[in-house]
Amino acid sequence: MEQNIRGKVVVITGASSGLGEATARLLSRLGAKLVLGARREERLLALAHELGLGDDAVVRTDVVRREEVKQLVDHAVKLHGRIDVMLNNAGLMPSSLLERLHIDEWDSMIDVNIKGVLYGIAAALPHMIRQKSGHIINVSSVAGHKVGPGGTVYAATKHAVRAISEGLRQEVKPHNIRTTIISPGAVATELTHTITDPDVAKGMSKVYEKAIPADSFARTVAFAMSQPEDVDINEILFRPTSQDY
Ligand code: NDP
């Protein structure tokens, strides 16, 4: 596994907590060169220092601002000469029933979960096309496969991530670029902290009683990355063994 990960330049959005942070830890151990983005710069810097990386491994990035996502990726290329993997991981899940009209939360999920992923693709693609190699990994969800009450807009954004990733997969074949969708079930992170609807929060806390640790996700990223260059792992769906939904 290590030999196809060591030395690869990996950009991770949403690296300040949860799945992104766990992935940074594992890939760092496996010898990848990391550039970490998120809004909470102090958490990124603490993680970078813990992993023995310099301050230049961190770029404060709000993925709803396309120029900031471009700066994150361009910084990685300037620092390391290339980008091998773009992990579009940043996301939010302020779920609620549509009738509650939390329209600002719908907007932020659409901005972060869909447009943020598109901006990540836009930032990485020109470099990967020039290099004639690269790997774009987008994070969907079980909610990218199933819709449930209270999770309608979140599920819509995660279905969109899968549609975008599948279109991307077909379009980038001529450029020797790999694409992977990773769809986790309940994983213990800060994701549920964004839920403001008390009824949905209650239901979700039951689901998350079964949550598994974030390194479960990190291992799927490492698995997809570590394949030989002619093997393209397009989709991974995983859940806690005890999760029904
Ligand atoms: P966390 O809340 O722990 O982490 C979310 C990350 O996204 C944080 O690093 C946060 O950083 C970042 N983020 C949020 N908004 C922005 C923004 N505007 N710009 C840049 N970064 C942003 O949750 P997870 O680790 O669980 O979430 C990661 C991904 O996994 C999401 O896409 C989520 O939908 C998906 N997922 C998670 C599951 C789970 O059960 N945990 C299940 C299925 C999918 P900061 O606030 O510092 O900007």
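Side chains are part of it too, since the values below use all heavy atoms of this structure and drop only hydrogens, waters and symmetry mates. Whatever order the structure lists ligands and atoms in, that order sets their numbers, starting from 1. Count residues from 1 along the sequence.
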Among all protein heavy atoms in this structure, tell me which lies nearest to [atom], with the distance rounded to 0.1 Å.
{"atom": "atom 22 (C) of ligand 1", "result": "A90 CB, 3.6 Å"}
{"atom": "atom 43 (C) of ligand 1", "result": "P184 O, 3.3 Å"}
{"atom": "atom 23 (O) of ligand 1", "result": "T189 OG1, 3.4 Å"}
{"atom": "atom 37 (C) of ligand 1", "result": "L191 CD2, 3.5 Å"}
{"atom": "atom 19 (N) of ligand 1", "result": "V63 N, 2.9 Å"}
{"atom": "atom 35 (C) of ligand 1", "result": "V139 CG1, 3.6 Å"}
{"atom": "atom 34 (O) of ligand 1", "result": "Y154 OH, 2.6 Å"}
{"atom": "atom 11 (O) of ligand 1", "result": "S16 OG, 2.9 Å"}

May I ask whether [X] has any heavy atom positioned less than 4.0 angstrom from an atom of ligand 1?
{"X": "E41", "value": "no"}
{"X": "G37", "value": "no"}
{"X": "Y208", "value": "yes"}

Indicate yes or no: does [X] engage [Y] in a salt bridge with an N to O separation below 4.0 Å.
{"X": "D232", "Y": "K173", "answer": "yes"}
{"X": "K206", "Y": "E209", "answer": "yes"}
{"X": "D197", "Y": "R100", "answer": "yes"}
{"X": "E235", "Y": "R178", "answer": "no"}
{"X": "E50", "Y": "R29", "answer": "no"}
{"X": "E21", "Y": "R25", "answer": "yes"}
{"X": "D74", "Y": "K78", "answer": "no"}

Please compare [options] and report which has the shortest non-hydrogen distance to [atom].
{"atom": "atom 20 (C) of ligand 1", "options": "V69, V207, T61", "answer": "T61"}
{"atom": "atom 14 (C) of ligand 1", "options": "Q243, R39, R43", "answer": "R39"}
{"atom": "atom 44 (C) of ligand 1", "options": "S140, S17, G144, P240", "answer": "S140"}

Under 4.0 Å from a heavy atom of [X]: which atoms of ligand 1 are those, numbered in the order shown and with their elements?
{"X": "L92", "answer": "14 (C), 15 (N)"}
{"X": "N89", "answer": "28 (C), 29 (C), 30 (O), 31 (C), 32 (O)"}
{"X": "V112", "answer": "15 (N), 18 (N)"}
{"X": "G185", "answer": "38 (C), 39 (C), 40 (O), 42 (C)"}
{"X": "A186", "answer": "40 (O)"}
{"X": "G91", "answer": "5 (C), 7 (O), 14 (C), 31 (C), 32 (O)"}
{"X": "D62", "answer": "17 (C), 18 (N), 19 (N)"}
{"X": "G18", "answer": "3 (O), 25 (O)"}

Please say whether more than 12 non-hydrogen atoms of neighbouring residues, nucleotides or ligands are located less than 6.0 Å from CZ in R130.
yes
If we only count N/O pairs under 3.5 Å, is [X] in contact with ligand 1?
{"X": "L19", "result": "yes"}
{"X": "V187", "result": "yes"}
{"X": "G14", "result": "yes"}

With a 4.5 Å cut-off on side-chain heavy atoms, are [Y] and [X] touching?
{"X": "V142", "Y": "L237", "value": "yes"}
{"X": "V77", "Y": "H80", "value": "no"}
{"X": "L168", "Y": "I136", "value": "yes"}
{"X": "M225", "Y": "V10", "value": "yes"}
{"X": "I195", "Y": "T192", "value": "yes"}

With no hydrogens and no angle check, is any side-chain donor or acceptor of N234 less than 3.5 Å from a backbone partner on T179?
yes
Between Y245 (side chain only) and K146 (backbone N and O only), is there a donor and an acceptor less than 3.5 Å apart?
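Judged by distance alone, yes, a pair lies under 3.5 Å.
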Test side-chain hydrogen bond (donor to acceptor under 3.5 Å, both in side chains) applied to D55 and H49, step by step:
CA-CA 8 Å; D55 290 0; H49 296 163; 2.6 Å; yes
Logged contact type for K158 with ligand 1, heavy-atom cut-off 4.0 Å, is side chain
Region of F217 engaging ligand 1 - heavy atom pairs below 4.0 Å
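Neither part.
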